[in-house]
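The structure under discussion appears below in the form of structure tokens.
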Amino acid sequence: MKRRLAILLAVLQLLLCAVSAAAAEWDPTDPNDPLLWEPDLPEFDGPIPRAGETEDAFSIVVSFTGDMLLASLYGKQAAGNFLDYAAKQEPEYFLQYVRPIFEADDFTVVNLENVLTDRNLTPKEKNSDPAYWYRAPTANTEILTSSGVEAVSLANNHTGDYRSAGYKDTVKAVSAAGLEYGGNDRTFYLEKNGYRIAVICHGLWNEAQAGAIVQRLKAAEKNSDFQVVFYHGGKEGVHAPEAWRVRASRRLADNGADLVLGNHPHVLQPREIYQGTEIVYSLGNFCFGGSRRPENRTIIYQLILHIENGELASSDSEIIPCYVHTGAGVNNYCPAPISDESLRRQVLDFMDGKAKLPC
């Protein structure tokens, strides 16, 4: 009886989540027209003023998001899918509501979870069932560059969908667009006034892989002042990290990571402070072409560092609750900050372990 009641309560919570999302979105007559409704957004008047900044005393603000999948299955256009929107909208459409945030920070880093290629490549074989392959034209890099994104992680399970040729085309595309990138064998660095932040992108599919990340951390420490691990792995569709991933994430913190951020589960998972290091287990989806009806809550995570005389004086973080999409119960691939205070508070409470679900 208790088990049945627990299952019923879990189903009820999920239904309430869906209802709350729908209540915050007007149902237009044509759900394929994303411009029929605009969300009630917080006001952003341009870059955050940082009065009195000098080369010896300044702040660095870095925004991170979870999965950006700017493609469709097999790279095919079909009614209402991501590439259908991309064919009909300008690149600036997709991130229009979060662009003011990305332009106000110093750097924006996202997980780019698809192949970018203009060739008709052969997909690699996959043993999983179901299996998915995502690719898009290289022109889709403009979705990122037109909206204040500076860097991408390619260390995920879809940038290899079209074998090494697809990965190489993706690297070439993002590099040609002026985007920094990280992969399982490439750390990139963000620098302001001589202060360097290392971003170590890597897959984390089992606990043993933490060892490889630790090795990269040790190497990055020699070339940077602050180290961020931005990893990809974990079970999909669950709102809590597995025990092995908690152990692995804490091991990274024990071995020098100043911040640990996870992605891949496609839903949010909470954060914790472990021995002074912040760990966010999943940033969820962001602009996500892999589903027409993804769970409609995500965040922008902002790292804020205060530097004095070349040293870290203090660090802060801010979580900005967002919708994954602003469509009428269906994905229009247009994320936006949440302005409703009760909905924002639900996300923040979830991220801090005070609520079971983010909506």
Side-chain angles (χ1 to χ4, degrees), residues 58-66 105-113 149-157 159 167 170-171 174-175 178-234 245-264 271-283 301-317:
F58 58 93
S59 62
I60 305 175
V61 179
V62 187
S63 301
F64 292 88
T65 81
D105 63 22
D106 292 293
F107 306 101
T108 300
V109 182
V110 307
N111 177 54
L112 179 61
E113 199 170 12
V149 176
E150 284 83 19
V152 299
S153 172
L154 302 180
N156 57 64
N157 57 309
T159 51
Y167 186 84
T170 305
V171 167
V174 298
S175 298
L179 293 163
E180 262 291 2
Y181 76 93
N184 286 321
D185 56 358
R186 188 177 195 273
T187 298
F188 68 87
Y189 297 86
L190 307 172
E191 184 172 343
K192 180 177 178 180
N193 294 341
Y195 192 91
R196 300 191 86 202
I197 301 170
V199 182
I200 300 159
C201 306
H202 206 94
L204 187 62
W205 302 107
N206 56 65
E207 192 168 351
Q209 282 186 306
I213 301 175
V214 168
Q215 291 180 5
R216 292 184 61 192
L217 267 169
K218 298 304 181 185
E221 285 177 351
K222 301 174 183 177
N223 302 303
S224 59
D225 304 290
F226 193 96
Q227 294 81 44
V228 178
V229 173
F230 193 38
Y231 75 69
H232 195 83
R245 195 151 54 86
V246 173
R247 292 192 300 269
S249 299
R250 291 176 177 179
R251 180 182 173 187
L252 300 177
D254 287 335
N255 283 274
D258 296 299
L259 173 65
V260 179
L261 302 174
N263 50 71
H264 176 68
R271 62 175 170 173
E272 68 166 339
I273 305 296
Y274 169 75
Q275 305 284 24
T277 298
E278 189 164 7
I279 301 170
V280 181
Y281 286 99
S282 176
L283 296 173
Y301 177 93
Q302 289 197 318
L303 168 69
I304 305 161
L305 304 181
H306 304 282
I307 314 302
E308 294 181 7
N309 298 315
E311 300 291 334
L312 180 63
S314 65
S315 64
D316 300 300
S317 65

Which pair of non-hydrogen atoms, one from [X] and one from [Y], has the smallest distance, and what is that distance?
X	Y	answer
Asp185	Arg216	N-NH1, 4.2 Å
Leu283	Phe230	CD1-CE1, 3.8 Å
Leu305	Ser315	CD2-CB, 3.6 Å
Tyr181	Ser175	CE2-OG, 3.7 Å
Val229	Ala257	CG2-CB, 4.0 Å
Tyr231	Arg245	OH-NH1, 3.1 Å

Between [atom1] of [X] and [atom2] of [Y], what distance do you get to the nearest 0.5 Å?
X	Y	atom1	atom2	answer
Ile60	Tyr195	CD1	OH	6.5 Å
Ile279	Ser249	CD1	OG	5.5 Å
Leu112	Ser153	CG	OG	8.5 Å
Arg186	His202	CZ	NE2	15.5 Å
Ile200	Leu252	CD1	CG	9.0 Å
Leu261	Leu303	CG	CG	8.0 Å

- Task: Kindly indicate, with the supporting measurements, whether the criterion side chain to side chain contact (heavy atoms under 4.5 Å, CB included) is fulfilled by Leu312 and Asp225.
- Result: CA-CA 8 Å; Leu312 180 63; Asp225 304 290; over 6 Å; no
- Task: Assign the ring pair Tyr301 / Phe64 to parallel, tilted or perpendicular, where the plane angle (0 to 90°) is split at 30° and 60°.
- Result: tilted
I'd like to know if the side chain of [X] reaches the main chain of [Y], judged simply by a donor and an acceptor atom lying under 3.5 Å from each other, with no hydrogens or angles considered.
X	Y	answer
Asn184	Gly203	yes
Asp105	Val62	no
Asn111	Gly66	no
Lys192	Ser59	yes

- Message: Would Phe188 and Cys201 count as a side chain to side chain contact (heavy atoms under 4.5 Å, CB included) here? Give the steps.
- Response: CA-CA 9 Å; Phe188 68 87; Cys201 306; 3.9 Å; yes
- Sequence neighbours excluded, which residues qualify as salt bridge (charged side-chain N to carboxylate O under 4.0 Å, His left out) partners of Glu278?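 Counting only residues at least two positions away or on another chain, Glu278 forms a salt bridge (charged side-chain N to carboxylate O under 4.0 Å, His left out) with Arg271.
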- Any donor-acceptor N or O pair under 3.5 Å, side chains Tyr281, Glu272: yes
- Which residues pass the side chain to side chain donor-acceptor pair (under 3.5 Å) test with Asp316, sequence neighbours left out?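 Expected list: His306.
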- Kindly determine whether Val109 and Leu190 satisfy side chain to side chain contact (heavy atoms under 4.5 Å, CB included), including the steps that lead there. CA-CA 10 Å; Val109 182; Leu190 307 172; 4.1 Å; yes
- Query: Do Lys218 and Asn255 touch side chain to side chain, with heavy atoms closer than 4.5 Å?
  - Reply: yes
- Item | side chain to side chain contact (heavy atoms under 4.5 Å, CB included) assessment of Ile197 paired with Phe107 | CA-CA 11 Å; Ile197 301 170; Phe107 306 101; 5.6 Å; no
- Task: Inspect the contact between Arg251 and Glu207 and indicate whether a charged nitrogen and a carboxylate oxygen are less than 4.0 angstrom apart.
- Result: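 Salt bridge flag = no for Arg251 with Glu207.
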